[in-house]
Every structure is written in C-alpha cells, then in structure tokens.
Amino acid sequence: MSRADTAVILDFETSGLSPDSGDRAIEIGAVKIVEGKVTERFQSLINPDMYISSFIEDYTGITNAELKNAPTSEHVMSQFANFIEGFNLIAHNASFDKRFLDAELARISRSYAGEFTCSLLAARRIYQDAPNHRLGTLVDYIGLPSDGTFHRALYDSEMTAKVWLAMLSDIQEQFALEAIPFSLMKKLNKTAKKSVRDFLVKAGAA
DNA sequence: TGCCAGGCCCTCTTTAGGGCCTT
C-alpha cells in the first residue's frame, strides 16, 4: 500500500494555460516526500523555444533573457522522468500540471507509472470554510510560515507539500486515521463535498 | 482571419451557465 505522505509534489511555471494552444513549460519544481519528510528537491528553468509574454514575465519573475540560456526541455524532462520514477504525484490543481507533464514528456517519448492526485480538490473538501482554495490562501488559512515568493516552481511545490502534509495530519487527527493511503486521497478527490465527513469517518472505521 | 483551456462543482440544474483554480 502506498502512503499519501510518500510522493512527488510538483509545480510547473508555463508560458500560458494550455499546451494544446502551444504553451510550454518554462520551469519545473518538485519535492520528494517520504513518510512525511522532504528527502529530495528538483528545480530547473526550461528553454521553451519561444518568447514568453510580458504578463508571464511579470507573473513569474522569469525573463526571456534567462530562458534563452536555460537547458532544453529534452534535457530537463529526461532528468525529471528519472526523478519521479516509482512515485505517485501531487499538484495543486493537478489537471493543469498533468497536462503540461504529459505534453513535455511526450516530446521525449517518456512516460510515468505513478498516479496523480490533487491538493486543490482535497482542500475544497477538507477546508470547506477557507475563504478560497488558492495555494497562497491555504498557506495563510492553515497558518504556515511563508515569505510570499509564490509563482516560482520550487517554492510553490514546497508550499503545496506543506499544505498536503497539514491536510493529512488534520484528517488523521480528526477522524482517527492511520498512515493514510494514497488511494484514500484519490477517492477523496471524487467524493461529494457534502458527504466527505461520512466518507472519512467510514475510512477511519474500516 | 479570428480565435484561443479544461476539469470540477454549485445551482435560480440535468435540454445550462458560470465561478473557481492553475500560468
């Protein structure tokens, strides 16, 4: 049984919202957690072979000048495919990062065996009283220390990992669950919000 | 030329529309 506190939490900065519209990854950041502790980190800029808009330069702080000298996607994604091998994957709004991961890996004919789950969908269920479920808001809502350097890949993956571990800790304590399996968090992503409490109580009793 | 995302989830719903999230 794979544990939900053992996984790779990843985050892409990209040139836009959709690889299907020609957008590319410009930075990847990730942390590997094993039994709740960060054991490895991965970070690299990625040369997207295109100019990024001034909006994206402002949003991320990543400039066209930096990207011009960045390593190729082929190089970075090959290393990243090795990094995630054997691990399940987590991202904040996973459907977004999964699309870019799949698109960039497809370019080098690589794939991965791990399963994806989403910290955003989990947070919408576990923290239903939060003002909203953006990463930065959740960091404040939970009371995690932050220097506010959001919108960079490694920082966002680090903060997503902290939010994820806080959620696991909270539901573990609240519903008397032990060593929460990854499969439980995947099911939680698809559980109706109104019945999530019953779902977790039953999971604790099982 | 002009357009430009997509999945989840709520509700004034299900023969639909719009807000939330990610860059």
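All chains are named by letter (A, B, ...) in the order of the sequence lines, taking the proteins before the strands, and each is independently numbered beginning at 1.
- Within the 3.5 Å criterion, the main-chain N or O of A:A153 finds no donor-acceptor partner in the side chain of A:Q43.
- Ring-plane geometry between A:F96 and A:F100 is classed as tilted, the angle between the planes lying from 30 to 60 degrees on a 0 to 90 degree scale.
- Of the candidate nucleotides B:dC8, B:dT11, B:dT23, B:dC8 has the atom lying nearest to any side-chain atom of A:R124.
- Judged by closest nucleotide on DNA chain B, A:R99 is the one of A:T60 and A:R99 placed further toward the 5' end.
- A salt bridge links A:D102 with A:K98; the closest basic N to acidic carboxylate O contact falls under 4.0 Å.
- Nucleotides B:dT23 and B:dG7 are separated by 16 Å at their C1' atoms, to the nearest Å.
- Counting any heavy atom pair closer than 4.0 Å across all strands shown, A:D58 reaches no nucleic acid atom.
- Separating the CZ atom of A:F55 from the C1' atom of B:dT22 is a distance of 11 Å, rounded to the nearest angstrom.
- Residue A:L121 is classed as a sugar-phosphate contact, given heavy-atom separations below 4.0 Å to backbone atoms only.
- A:D156 has its CG atom 13 Å from the C1' atom of B:dC21, to the nearest Å.
- For A:F96, the listed nucleotide lying nearest its side chain is B:dT23; candidates were B:dT23, B:dT11, B:dC21.
- A straight line from CG of A:L120 to C1' of B:dT23 spans 14 Å, rounded to a whole angstrom.
- Summarising the geometry, the separation between CG on A:N93 and C1' on B:dA5 is reported as 11 Å, rounded to the nearest angstrom.
- The gap from the C1' atom of B:dG6 to that of B:dT1 amounts to 25 Å, rounded to the nearest Å.
- Distance, A:F116 CZ to B:dG7 P: 14 Å, rounded to whole Å.
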A:D129 and A:Y141: CA distance, side-chain angles, deciding distance, side chain to side chain donor-acceptor pair (under 3.5 Å) verdict = CA-CA 9 Å; A:D129 293 335; A:Y141 181 76; 4.9 Å; no
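- In this structure, A:R134 atom CZ and B:dC21 atom C1' are separated by 8 Å, rounded to whole Å.
- Atom name C1', nucleotides B:dT14 and B:dG18: the rounded distance is 15 Å, in whole Å.
- Spacing of P atoms, B:dT22 relative to B:dC4, comes out at 23 Å, to the nearest Å.
- Among the heavy atoms of the strands lying under 4.0 Å from A:D11 are primed sugar atoms or P, OP1, OP2 only; no base atom is included.
- The A:N132 side chain lies nearest to B:dC21 when the options are B:dC8, B:dT23, B:dC21.
- A salt bridge is absent between A:E104 and A:R110; no separation between the charged side-chain nitrogens and carboxylate oxygens falls under 4.0 Å.
- Nucleotides B:dC8 and B:dG2 are separated by 29 Å at their C1' atoms, to the nearest Å.
- Separation of the C1' atoms belonging to B:dC12 and B:dG17 is 11 Å when rounded to the nearest angstrom.
- Backbone-only contact: A:N189 has heavy atoms under 4.0 Å from sugar-phosphate atoms and none from a base.
- Each of A:K193 and A:S95 lies near DNA chain B, and the nucleotide nearest A:S95 is the one positioned closer to the 5' end.
- The CG atom of A:L177 sits 6.0 Å away from atom CD1 of A:I171, with the distance rounded to the nearest 0.5 Å.
- Comparing B:dT23, B:dA5, B:dC8 by their nearest atom to the side chain of A:S21 picks out B:dA5.
- Here A:H133 does not reach the OP1 or OP2 of B:dC20: none of its side-chain N or O atoms lies under 4.0 Å away.
- Note: CD (A:Q128) to C1' (B:dC20) measures 15 Å, nearest angstrom.
- Residue A:F12 is classed as a sugar-phosphate contact, given heavy-atom separations below 4.0 Å to backbone atoms only.
- If you take CD of A:E13 and C1' of B:dT23, they are 7 Å apart, rounded to a whole angstrom.
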